[in-house]
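First up is the structure itself, then whatever we jot down about it.
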Amino acid sequence: MHFIYKIPGPILVLLGGFALSWGGLIIRSFESANIWQILFYRSLFFLLALIIFLFLTYGKETIKKIRVAGIQGLLGGAFLSVSFVAYMYSMTETTVANVVFIISTQTIFLPVLAYFFLKEKISPRGLVAIVLAMIGVTLMIGDSIGTGSLYGNIAALAIPINFSILILIIRKYPNLDMIPAIFYAGILSCIYGLLLLDSIMISAKDIWFSFLLGVPQLAIGFIFITIGSRTTPAVMVGLLMLMETIFAPIWVWLFYSEIPPLSVLIGGLIIISAVVMKSLDYNKKVQ
């Protein structure tokens, strides 16, 4: 699997974002499995795919790679596993557009958390971007109060927050390999699903969709983004990751005619503008 590391980073990030964009559509396609059954099987297939990738890439060094990640890798995996659970719950409780627009705010949450925990300063442009993103999120959550999707939107907020915490851990410990952290996240989310499901039996069709959700969508998406981010400028990663934000609502619109309210589209446009502004702000710093 070493050939993946030879692919240009931006292309990997772009392909990773594209793979992640199919999550909402696949979840909408399940026949009868409930959220916890989907979480368990998705995590199980994701974990198996990741183990195969690790052994094909690192061979006998796989166990050592996981062990070296230590408590920091386990902690990062724990926060990421919360994001996995929140993703499943929010996708079943609100529109795909709501979820992916809110997920894209991770670019905004990162500098806020870095300000409090790493004492990093926030530029004036960055502050404007943060305010814009919060306006967009507030607009979407405010609209959901009367539609029953409020909890789904609140759960979606846990995704960028927990992912930003994972990035902070990596920045605090730059030698941390993110792949073992993802490995721990797969184990933990698999355990969550197993403990919460009422029956392990699901249809063959739902098994197939679980495979699609766990391997092509999640495992390949995360592996490509993790590897590609190492050689791709942060400004470009933030912009290329908008691939998921843009395409995810399009897939469910094309296949299931799921059209979000106008307020969600307006809020999403505000959030995307904020993410682009924050990315350009980072680009200005490094020049």
Side-chain angles (χ1 to χ4, degrees), residues 13-30 35 38-39 42 80 82-110 129 132-144 147 149-164 166-167 212-214 216-218 220-222 224-225 229 237-279:
V13 175
L14 189 69
L15 292 174
F18 186 74
L20 292 178
S21 73
W22 293 90
L25 175 63
I26 297 172
I27 290 173
R28 293 288 186 271
S29 302
F30 275 84
I35 174 178
I38 298 173
L39 175 65
R42 178 205 199 205
L80 185 58
V82 174
S83 290
F84 286 174
V85 176
Y87 179 86
M88 288 303 310
Y89 179 80
S90 58
M91 278 293 186
T92 58
E93 292 294 321
T94 189
T95 67
V96 171
N98 279 58
V99 177
V100 294
F101 285 145
I102 291 175
I103 287 176
S104 69
T105 61
Q106 63 194 32
T107 305
I108 307 300
F109 276 109
L110 184 56
L132 277 177
M134 292 303 99
I135 291 174
V137 171
T138 302
L139 185 62
M140 287 191 289
I141 292 180
D143 179 76
S144 68
T147 64
S149 59
L150 175 62
Y151 292 128
N153 286 329
I154 293 175
L157 270 175
I159 304 171
I161 292 174
N162 280 276
F163 192 78
S164 295
L166 170 63
I167 301 301
L212 293 178
L213 203 57
Q217 189 262 339
L218 187 61
I220 292 178
F222 263 84
F224 279 9
I225 290 170
S229 297
V237 172
L239 295 175
L240 292 176
M241 283 296 293
L242 289 177
M243 175 71 71
E244 177 188 10
T245 308
I246 294 169
F247 277 95
I250 292 176
W251 303 141
V252 291
W253 170 64
L254 289 175
F255 289 93
Y256 287 99
S257 301
E258 179 177 301
I259 303 176
L262 180 60
S263 59
V264 170
L265 296 177
I266 294 173
L269 182 61
I270 294 173
I271 289 172
I272 290 177
S273 301
V275 171
V276 172
M277 180 182 293
K278 185 67 188 74
S279 298

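Just so you know, these numbers use all the heavy atoms, side chains as well, and skip hydrogens, waters and symmetry mates. This chain uses plain numbering: 1 for the first residue, then up along the sequence.
Between Trp251 and Phe18, the ring planes lie perpendicular to each other; the angle is over 60°, past the 30° to 60° tilted range.
In this structure, CG in Leu242 is found 12.5 Å from OG in Ser21, a value given to the nearest 0.5 Å. Interatomic distance, Ile102 CD1 to Ser90 OG, rounded to the nearest 0.5 Å: 8.0 Å. Atom CD1 of Ile103 and atom CD1 of Ile271 lie 11.0 Å apart (nearest 0.5 Å). With rounding to the nearest 0.5 Å, the separation of CE in Met277 from CD1 in Ile108 is 9.0 Å. Rounding to the nearest 0.5 angstrom, the gap separating the CZ atom in Phe247 from the CG atom in Leu25 is 13.5 Å. Note that CD1 of Ile220 and CD of Gln217 are 10.0 Å apart. Values are rounded to the nearest 0.5 Å.
Within the 4.5 Å cutoff, side-chain heavy atoms of Ile272 are placed close to those of Thr245. Annotation: side chain of Asn162 is not in contact with side chain of Leu166 (no heavy-atom distance under 4.5 Å). You'll find the side chain of Gln106 stays beyond 4.5 Å of the side chain of Ile167, heavy atoms only.
When all heavy atoms are compared, the tightest approach of Ala19 to Pro216 is CB-O, 3.5 Å. In terms of heavy atoms, Gly268 sits closest to Met140 at N-SD, 4.4 Å. Nearest heavy atoms, Tyr89 versus Ile35: CA-CD1, 3.2 Å. Ala129 and Ala274 make their closest contact through O-CB, 3.2 Å (heavy atoms, listed as atom of the first residue, atom of the second, distance). Contact between Ala155 and Ala86 at its shortest, heavy atoms only, is O-CB, 3.3 Å.
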Exercise. Go through Ile141 and Leu157 one step at a time and tell me if the side-chain contact (heavy atoms from CB on, under 4.5 Å) criterion holds.
Key: CA-CA 10 Å; Ile141 292 180; Leu157 270 175; 3.7 Å; yes
Quiz item: Could you walk me through whether Val99 and Ile159 pass the side-chain contact (heavy atoms from CB on, under 4.5 Å) check?
Solution: CA-CA 9 Å; Val99 177; Ile159 304 171; 4.3 Å; yes
Practice problem: List the steps, then state whether side-chain contact (heavy atoms from CB on, under 4.5 Å) holds for Val275 with Thr105. | Solution: CA-CA 7 Å; Val275 171; Thr105 61; 5.7 Å; no
Quiz item: Checking side-chain contact (heavy atoms from CB on, under 4.5 Å) for the pair Ile270/Ile266: CA distance, chi angles, key distance, verdict?
Solution: CA-CA 6 Å; Ile270 294 173; Ile266 294 173; 4.2 Å; yes
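Between the side chain of Ser149 and the main chain of Gly152, no donor-acceptor pair closer than 3.5 Å is present.
Here Phe84 and Phe222 bring their ring centres to under 6.0 angstrom of each other.
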Would you list the atom pairs, donor with acceptor, under 3.5 Å between side chains in residues 253-264 and any protein atom, with sequence neighbours excluded?
from   : atom 1 : to     : atom 2 : distance (Å)
Tyr256 : OH     : Ser29  : OG     : 3.0
Glu258 : OE1    : Arg28  : NE     : 2.8
Glu258 : OE1    : Arg28  : NH2    : 3.3
Glu258 : OE2    : Val96  : N      : 2.8
Ser263 : OG     : Asp143 : OD1    : 3.1
Ser263 : OG     : Asp143 : OD2    : 3.2

